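Written below as structure tokens is the structure these notes are about.
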Amino acid sequence: MRKRVFSGVQPTGRLTFGNYSTMRHWPKLADDHDCIYCVVDLHSVTITRKPEELRNETRKVFAALLALGIDPDRDIPFIQSHVPAHSELMWLLGCHTMFGELSRMTQFKDKSARHATNVNVGLFTYPVLQAADILLYDAHFVPVGEDQRQHVELSRDICLRFNGRYGDVLTVPEPLIKGAGARVMSLSEPSEKMSKSDPNENATLFVTDGRDTIVKKIKRAVTDSDGAVRYDTENKPGVANLMTLYHISTDKPFGEIEREFDGRGYGVFKAAVAEAVADCLTPVGQRLNEYLSDAAQLDALARRGAEKASERAVKTLERVYNAMGFYKC
Ligand code: TRP
């Protein structure tokens, strides 16, 4: 039996090269895993959102899953709020999650500091909904970026606690973190993570950027005056970040990149990085636009994904209700 994979992406803002770096592995995983990928719209309302924007971005990110190569015939792409079992399981798991555990989540601490006027309960219980996502589909592996490791580990702890009380009801998940250490940083402030909400447009590469925009942004990226293409995140964070972009786009190891650009200067190097990034992103951007231009097809694919996901989710939820002793007739 093939192992199952589940992951989720929030429909907030445009997808960045950082998102691409995590999500590009998702279609490949389907060669030897049973894969379920979800646009986690419920997770995205812990910050206040305009209704029209939530709707549009959910569609866009769903289309992006397909554009990246997730195959609706083979995999299960769907939208979280279309499967009510997520919210239901969340309540049951919440009764097996400790206040202290949630208080220790670094994302909660960061986000509550950043949105100090809206520290809502959803922000606090966010990881319980994430555990429900993962456990509903009996996922063995959860491919995420390094920043989500703590949440997946909490899902694992909740799962072990639940199984400890009621027997082997749920599958114990583990995080699958590829390319750890190769974090994508801001082009203008390479000590900070590349962020979709950066007010400086030139700091962030978006999946939908055209070739010219990519060339322009990379040309302006911060480097240093030393002139050597060498991987040193501490002393040469700008160059190291451009090397990371090139590494993600070409799969070449850092040593090979150093040799390739030895003595050739930053102009040549930047041009090559921009070409490589554009070669990766522009086909995705094109397919994304194609999916978005056929609303009826996109809706049909979203409905089909939700049906396939529901079939599985409902079974797990039944198992959980039964294990806990809920009266069913
Ligand atoms: N919290 C994840 C993020 O911000 C998104 C997410 C929600 C997720 N549910 C998930 C990721 C389940 C993996 C599995 O990136």
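Heavy-atom basis, side chains included; hydrogens, waters and symmetry copies ignored. Keep in mind that this is a model prediction, so the values were computed, not measured. Counting starts at 1 for both ligands and their atoms, following the listed order. Residue numbers count from 1 along this sequence.
In this structure, the ring of Y137 has its center less than 6.0 angstrom from the ring center of F78. In this structure, H151 has its ring center under 6.0 Å from that of Y126.
Here the protein heavy atom with the shortest distance to atom 5 (C) of ligand 1 is G8 O, 3.7 Å. At the shortest separation from atom 9 (N) of ligand 1 among protein heavy atoms lies D133 OD2, 2.7 Å. In terms of protein heavy atoms, atom 8 (C) of ligand 1 is closest to Q130 NE2, 3.5 Å. Counting only heavy atoms of the protein, atom 1 (N) of ligand 1 lies nearest to Y126 OH, 2.7 Å.
Within the 4.0 Å heavy-atom criterion, the part of V144 lying near ligand 1 is the side chain and not the backbone. Residue I134 touches ligand 1 through its side chain alone, judged by heavy-atom distances below 4.0 Å.
When only modelled atom types and interatomic distance are considered, D41 and T58 share no side-chain donor-acceptor pair under 3.5 Å. With hydrogens and angles left out, the side-chain atoms of Q107 and Q148 include a donor and acceptor closer than 3.5 Å.
The 12-atom threshold is exceeded at NZ of K236, counting heavy atoms of other residues, nucleotides or ligands nearer than 6.0 Å.
Which parts of ligand 1 touch F6 is read off a 4.0 Å heavy-atom cut-off, strictly below it: atoms 12 (C), 14 (C). Near V142, meaning under 4.0 Å from any of its heavy atoms, are these atoms of ligand 1: 13 (C), 14 (C). In the vicinity of Q10, heavy-atom distances shorter than 4.0 Å reach the ligand 1 atoms 4 (O).
Geometrically, R14 engages F206 in a cation-pi contact defined by less than 6.0 Å to the ring centre and at most 45° from the axis.
Between D32 and K3 there is no salt bridge, since no side-chain nitrogen of the basic residue lies less than 4.0 Å from a carboxylate oxygen of the acidic one.
Between Q148 and ligand 1, an N or O atom pair is found at a separation short of 3.5 Å.
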